[in-house]
Amino acid sequence: MSDVVSEEEISARLVQFIRERLLDGTAEHDIDERTPLLDRGILDSMKTAVLLNFIRTELGTQLPPAALDGANFVDVRTIAAMVHAH
C-alpha cells in the first residue's frame with residue numbers, strides 16, 4: 001500500500017479507525033495525528049493488536065516484529081511513517 005497511498009492518507013485512515021473502533025467516537029475522546037497514544041492510554045496491548053490487524057488487512061502492510069516497538073506507536077504520525085516505510 002505504501003507505494004500507492006501517501007503517508008498523509010495512511011494517517012487519516014488511522015485516525016478514523018482509532019476514533020471509530022478503539023475509542024467511543026465522542027468529542028471528549030477526539031484525537032488527531034499528534035495525540036500521544038501511549039501516554040494517554042489510548043493504545044494498550046489489546047488495542048494495539050486490533051490496530052495491527054487493521055494495518056495488515058485494510059492497509060495491506062505486514063509489519064515485521066522488529067517494528068513493534070513503543071517508539072513506533074507514539075502517535076498516529078509515527079505509525080503512519082512506519083506503515084509507509086514498509
Side-chain angles (χ1 to χ4, degrees):
M1 172 169 186
S2 59
D3 294 333
V4 179
V5 178
S6 71
E7 193 171 318
E8 292 78 22
E9 177 63 22
I10 294 168
S11 181
R13 290 185 66 187
L14 288 167
V15 167
Q16 180 180 3
F17 176 80
I18 292 168
R19 283 178 180 156
E20 293 175 0
R21 298 288 304 276
L22 302 184
L23 299 173
D24 61 10
T26 63
E28 70 187 51
H29 292 120
D30 200 20
I31 66 158
D32 62 29
E33 64 182 19
R34 297 176 187 268
T35 301
L37 301 174
L38 297 173
D39 289 348
R40 289 205 185 161
I42 294 169
L43 284 182
D44 57 21
S45 58
M46 182 59 76
K47 288 180 181 177
T48 301
V50 172
L51 179 62
L52 289 170
N53 187 55
F54 170 78
I55 291 169
R56 187 182 76 247
T57 60
E58 299 298 321
L59 302 181
T61 301
Q62 178 70 40
L63 297 171
L68 305 182
D69 181 273
N72 290 326
F73 292 87
V74 172
D75 56 26
V76 169
R77 289 178 312 158
T78 59
I79 298 169
M82 173 182 56
V83 170
H84 192 260
H86 289 91

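Legend: ring-ring contact (aromatic ring centres under 6.0 Å, His included) pairs involving residues 34-81, not counting sequence neighbours, sorted by first then second residue: Phe17-Phe54. Note on residues 64-75: pairs passing salt bridge (Lys or Arg N to Asp or Glu O under 4.0 Å), not counting sequence neighbours, are Asp75-Arg77. The salt bridge (Lys or Arg N to Asp or Glu O under 4.0 Å) contacts involving residues 44-54 comprise nothing, where partners must be two or more places apart or lie in separate chains.
Residues Val5 and His84 come closest through the heavy atom pair O-CD2, 3.4 Å. Considering every non-hydrogen atom in both Ala67 and Met82, the closest pair reads O-SD, 3.5 Å.
Atom CG in Leu23 sits 5.5 Å away from atom CD1 in Ile42 (nearest 0.5 Å). Interatomic distance, CD of Glu33 versus OG1 of Thr78, reported as 10.5 Å (0.5 Å rounding).
Shown here are the side chain to side chain contact (heavy atoms under 4.5 Å, CB included) partners of Pro65, two or more places apart in sequence or in another chain: there are none. By the side-chain hydrogen bond (donor to acceptor under 3.5 Å, both in side chains) test, Thr48 is found to be paired with no residue, residues two or more places apart in sequence or in another chain being considered. Checked against side-chain hydrogen bond (donor to acceptor under 3.5 Å, both in side chains), Arg21 has no partners two or more places apart in sequence or in another chain. Checked against side chain to side chain contact (heavy atoms under 4.5 Å, CB included), Asp39 has the following partners two or more places apart in sequence or in another chain: Pro36. Not a single side-chain hydrogen bond (donor to acceptor under 3.5 Å, both in side chains) links Gln62 to another residue, sequence neighbours left out.
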Could you go through the side-chain contact (heavy atoms from CB on, under 4.5 Å) check for Leu14 and Ile10 one step at a time? CA-CA 6 Å; Leu14 288 167; Ile10 294 168; 3.8 Å; yes

Let me see the working for Leu37 and Ile18 under side-chain contact (heavy atoms from CB on, under 4.5 Å), right down to the final yes or no. CA-CA 10 Å; Leu37 301 174; Ile18 292 168; 4.1 Å; yes

Please report the C-alpha distance between Leu43 and Leu38 in whole Å, then the side-chain angles of each, then the deciding distance to 0.1 Å, and finally whether the side-chain contact (heavy atoms from CB on, under 4.5 Å) criterion is met. CA-CA 5 Å; Leu43 284 182; Leu38 297 173; 3.9 Å; yes

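You'll find the side chain of Leu51 reaches within 4.5 Å of the side chain of Ile55, heavy atoms only. For the pair Asp32/Val76, no side-chain contact is recorded, criterion being any heavy-atom separation below 4.5 Å from C-beta on.
Tracing side-chain contacts under 4.5 Å through hydrophobic residues (I, L, V, M, F, W, Y), one never reaches Val74 starting from Leu63; they form parts of separate clusters.
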